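Each remark here refers to the structure printed beneath this line.
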Amino acid sequence: MAKQVEKPEWVRVAEAFGASGQTQREFALEQGVRLSTLQSWVYRSRRAEAARAEPVRLLPVQVATESVLEVVAASGARVRFAVGTDVAYVALLVAALGR
């Protein structure tokens, strides 16, 4: 039977998985943990990270002639979208790319 592991150790395991470049199955096998347990802690770690992230602030702009706009996230990701695109959708997309 596997020993009980406290949350702080699992937070580190979830972070190690993120940096490993492996699939969840490969990482779980290598570390000797159940795949379902790893998946649960990776999910929880990502949710906690998203909750701590700063909300995306969109600034008002005035469009002169361009029909395509571009947002550059702090991560460097670029999102181009047509004038008139739902601003809430763009905000969610930029927030997801920033993770």
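Here the structure is a predicted model, which means the values were calculated and not measured.
Taking CZ of R44 as the reference point, atom CD of Q39 lies at 12.5 Å (rounded to 0.5 Å). If you take CD on Q31 and CG on L38, they are separated by 9.0 Å, rounding to the nearest 0.5 Å.
The aromatic rings of F27 and F17 lie perpendicular to each other, with more than 60° between the two planes, well past the 30° mark.
Y43 and W41 are members of different hydrophobic clusters when ILVMFWY side chains are connected at heavy-atom separations under 4.5 Å.
With a 4.5 Å cut-off on side-chain heavy atoms, V42 and W10 do not count as touching. Side-chain contact between V83 and V68: absent, with no pair of heavy atoms (C-beta onward) separated by less than 4.5 Å. Looking only at side-chain heavy atoms (C-beta outward), F81 and V71 come within less than 4.5 Å of each other.
At least one donor-acceptor pair under 3.5 Å links the side chain of E26 to the backbone N or O of T23.
When the options L92, T85, V87 are evaluated for a side chain to side chain contact (heavy atoms under 4.5 Å, CB included) with Y89, the one that passes is T85.
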Intermediate values then yes/no, side chain to side chain contact (heavy atoms under 4.5 Å, CB included), Q24 and L35: CA-CA 7 Å; Q24 290 180 345; L35 177 60; 3.7 Å; yes
